[in-house]
Chemist: 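Take this structure, written in structure tokens, and hold onto it; I'll ask about it next.
Sequence lines set the chain letters: A, B, ... in the order given, protein chains first and strands last, and positions in each chain run from 1. From a predicted model like this one, the values you see are computed outputs, not experimental measurements.
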Protein chains: 2
Amino acid sequence: MQPTLYGEYRKLDRGGEARRSLAYLRLRRAIQNAIEFGAFPPGHALPSERDLAKKLALSRVTVRKAIGGLVEDGLLTQRHGAGTFVAERIVKSFSRLTGFTDDLRARGLKPRVKFLERGVGEVTPEEAMALNLSPGADVIRLRRLRFADDKPLAVEATVVPAAVIADPNAIKLSLYDALGQIGCRPTRALQRLRAIALGADDAELLECDTGSPALAIERRAFLDDGRVVEFTTSLYRGDAYDFVAELHGG
Amino acid sequence: MQPTLYGEYRKLDRGGEARRSLAYLRLRRAIQNAIEFGAFPPGHALPSERDLAKKLALSRVTVRKAIGGLVEDGLLTQRHGAGTFVAERIVKSFSRLTGFTDDLRARGLKPRVKFLERGVGEVTPEEAMALNLSPGADVIRLRRLRFADDKPLAVEATVVPAAVIADPNAIKLSLYDALGQIGCRPTRALQRLRAIALGADDAELLECDTGSPALAIERRAFLDDGRVVEFTTSLYRGDAYDFVAELHGG
DNA sequence: CGTAATGATACCACTTTCATACCACTGATT
DNA sequence: AATCAGTGGTATGAAAGTGGTATCATTACG
């Protein structure tokens, strides 16, 4: 039997001794399940917010909160006056290859970004090497200060070939969201991690002392065809970010 | 029957005899067990601090102390005004783990190991927590200094339950070889990486200045049945070692 | 005697949830 | 073209529950 939205929601109700999840999160999971199991094909309209609220005995605020999250994730699309629809191009949710924003959201922290620089320019020789581009090609440069719950956590310098994203302003919060929307979400990445001492400039941005330890991460992300879509150098405050990895195999 | 949080807590109470852990440590272990045995799936809410305190006849201060530790470990997430939740793990999957020895060889460096300590002792509370052992159990402790071309590169402290390997001298070169020979080769490991400043002792061993940045890696390796067979804390000189990881999505 | 663990209590800030109401837009009907 | 029912977008207020924090008292231990 095909899962229904209402059935999915009620199924998630069982919680044993644990307090149930928050209603809007439960509903959100229910909708997401229904979509991923195919109960709602792409383009299909969801019941209206008022209908959902009434049928599930929830308030419209709660329903909107659930839907809102999925809209932000690109799973749903809303059109003012028309309705809520399953997005045509569903961005595969990558459980493992995630960017900073997803990481923080998964941890329940509020991500915030302050742009220090956002512009277009010509590649430097080093960038050309890292991105595998020809000299003279254009790239987008981003320099971002990242906050978690309003505490500075990392400075990040990102270089993206202009051939991938032409308009720097298309990147609002998450680079990976922007890449996903144009179907260029990377499937593989190489990271290089090391510990360094913070320089004066970066230390000031991160509101800690010069020379304090930081985690430096360089990442090159690849598409299926091998093109590099991103080269990012990040400095994470050593006392504020842990990198957790799960290893498999024998 | 699935373990429950309250059941877990009371079970730990019966440890009885002379050695009863502090209440907040016991509760902390109980919660951790409940999570790791799946009683609380990721994303689900714990009972509120007030509920826990009331049901377990503890004060809220004690409950908060227990929860606080797990939050710091990244196992739980708290949101002001919302509740306490089992953290969704940020998992980076390393498909190819560049082992220490192989990596050095690839760089044309000669690896060498010097044992600083190798013996049996009783677990400390922290180790008991990491290895999920009862207080008073015996463990093997290894402390090794790793060199590349005769320059110190890392200090490594490893703890293995004596229940797994009884004789410390059975471990000659590679811990994983020794584990494999008795059929206890781990299939899964969790690593935690962060940047720290070196303390005086470790700095001296690594022949660099106190306070210089280092890469701290904690690793817990698991068997199929979930038992922890190894807990290792490594400190790599920040200026001498890069950690390279390959990430996969989809 | 001091310290640490624990308990009891109170208050604050925040989130969730509900109940309304009204606005702005869409699409189809008239 | 005008209308209208249904949609999402926004705002308000209120109640209940949550974690965050502080204070003070009690107990156990060295």
Chemist: In terms of side-chain heavy atoms of A:Ala23, which of C:dT17, D:dG20, C:dA5 is nearest?
Modeler: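 Closest nucleotide to the A:Ala23 side chain: C:dT17.
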Chemist: Please state whether the phosphate of C:dT17, meaning OP1 or OP2, lies under 4.0 angstrom from any side-chain nitrogen or oxygen of A:Lys65.
Modeler: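 Answer no for this pair, as no side-chain N or O of A:Lys65 is under 4.0 Å from OP1 or OP2.
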Chemist: Do A:Ser234 and A:Arg219 pair up side chain to side chain, a donor and an acceptor below 3.5 Å, judged on atom types alone?
Modeler: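 Side chains of A:Ser234 and A:Arg219: no pair found under 3.5 Å.
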Chemist: Go through D:dG20, D:dG9, C:dT17 for me and flag the one nearest to the A:Val61 side chain.
Modeler: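 The answer is C:dT17.
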Chemist: When the distance from CD of B:Glu49 to C1' of C:dT6 is rounded to whole Å, what number comes out?
Modeler: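 Interatomic distance, CD of B:Glu49 to C1' of C:dT6: 15 Å.
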Chemist: Please give, in whole Å, the distance from D:dA16 P to B:Asp51 CG?
Modeler: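 B:Asp51 atom CG is separated from D:dA16 atom P by 16 Å.
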Chemist: When you measure from the side-chain N and O atoms of A:Thr84 to the phosphate of D:dT7, is any distance below 4.0 Å, counting only OP1 and OP2?
Modeler: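 For D:dT7, OP1/OP2 do not have a side-chain N/O of A:Thr84 under 4.0 Å.
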Chemist: Around atom CD of A:Glu117, are there more than 12 heavy atoms from other residues, nucleotides or ligands closer than 6.0 Å?
Modeler: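 Counting neighbours around CD of A:Glu117, more than 12 heavy atoms of other residues, nucleotides or ligands fall under 6.0 Å, so yes.
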Chemist: What heavy-atom pair brings A:Gly43 and A:Phe85 nearest, and what distance separates the two atoms?
Modeler: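 Scanning both residues completely, I find the closest heavy atoms to be O-CD2, 3.7 Å.
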Chemist: Can you check the A:Ile67 CD1 to D:dT10 P distance for me, whole Å?
Modeler: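 Atom CD1 in A:Ile67 sits about 14 Å away from atom P in D:dT10.
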Chemist: Do the side-chain N or O atoms of B:Arg64 get closer than 4.0 angstrom to the phosphate oxygens (OP1, OP2) of D:dG20?
Modeler: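 Indeed, a polar side-chain atom of B:Arg64 lies that close.
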Chemist: Counting only side-chain N and O atoms of B:Gln78, is one of them less than 4.0 Å from OP1 or OP2 of D:dT18?
Modeler: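 No, because none of the side-chain N or O atoms of B:Gln78 sits under 4.0 Å from OP1 or OP2 of D:dT18.
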Chemist: Whole Å only: how far is the CG atom of B:Leu46 from the C1' atom of D:dT18?
Modeler: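 For the pair B:Leu46 CG and D:dT18 C1', the rounded distance is 13 Å.
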Chemist: Check this for me: A:Arg141, atom CZ, are more than 12 non-hydrogen atoms of other residues, nucleotides or ligands nearer than 6.0 Å?
Modeler: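 Above 12, so yes.
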Chemist: Hey, which sits more toward the 5' end of DNA chain C by its nearest nucleotide, A:Ala82 or A:Val63?
Modeler: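 So the residue in question is A:Val63.
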Chemist: By nearest nucleotide on DNA chain C, pick out whichever of A:Ala57 and A:Gly81 is the more 5' one.
Modeler: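 Its nearest nucleotide lies further toward 5', so the answer is A:Ala57.
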Chemist: Taking only side-chain N and O atoms of A:Ser59, does any of them lie within less than 4.0 angstrom of OP1 or OP2 on C:dT16?
Modeler: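 Negative; the distance criterion is not met.
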Chemist: Just how far, in rounded Å, is P of D:dG6 from CG of A:Leu52?
Modeler: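 The answer, rounded to whole Å, is 16 Å.
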Chemist: How many whole angstroms separate atom NZ of A:Lys54 from atom P of C:dT20?
Modeler: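 For the pair A:Lys54 NZ and C:dT20 P, the rounded distance is 13 Å.
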Chemist: Output the rounded distance in Å from CG (B:Leu58) to C1' (D:dT27).
Modeler: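 Result: 15 Å.
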Chemist: Does a side-chain N or O from B:Arg79 land closer than 4.0 Å to OP1 or OP2 of C:dT16, or not?
Modeler: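 Yes, because at least one side-chain N or O of B:Arg79 sits under 4.0 Å from OP1 or OP2 of C:dT16.
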Chemist: Establish, with yes or no, whether the OP1 or OP2 oxygen of C:dT17 is under 4.0 angstrom from a side-chain nitrogen or oxygen of A:Tyr24.
Modeler: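 No, no such contact exists.
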Chemist: Side chain of A:Arg50, heavy atoms from C-beta onward: which of D:dG8, D:dG19, C:dG7 has the nearest atom to it?
Modeler: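 Nearest nucleotide to the side chain: D:dG8.
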Chemist: Taking the side chain of A:His80 as its heavy atoms from C-beta onward, which of C:dT6, D:dG9, C:dA19 lies nearest to it?
Modeler: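 My answer, after comparing the listed nucleotides, is D:dG9.
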Chemist: Would you confirm whether the ring centroid of B:Phe40 sits within less than 6.0 angstrom of the ring centroid of B:His44?
Modeler: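 No, ring centres 6.0 Å or more apart.
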Chemist: Ignoring hydrogens and geometry beyond distance, is a side-chain donor-acceptor pair present between A:Gln78 and A:Thr84 at under 3.5 Å?
Modeler: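 Side-chain D/A pair, A:Gln78 to A:Thr84: present.
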Chemist: Nearest to the side chain of A:Arg60 - C:dT17, D:dG20, D:dT10?
Modeler: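 Nearest to the side-chain atoms of A:Arg60, counting from C-beta on, is D:dT10.
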Chemist: B:Leu56 has an atom CG; how far is it from atom C1' of C:dG7, in whole Å?
Modeler: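 To the nearest whole Å, that distance equals 15 Å.
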Chemist: Between B:Thr62 and C:dG7, is there a side-chain N or O to OP1/OP2 distance below 4.0 Å?
Modeler: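 Yes.
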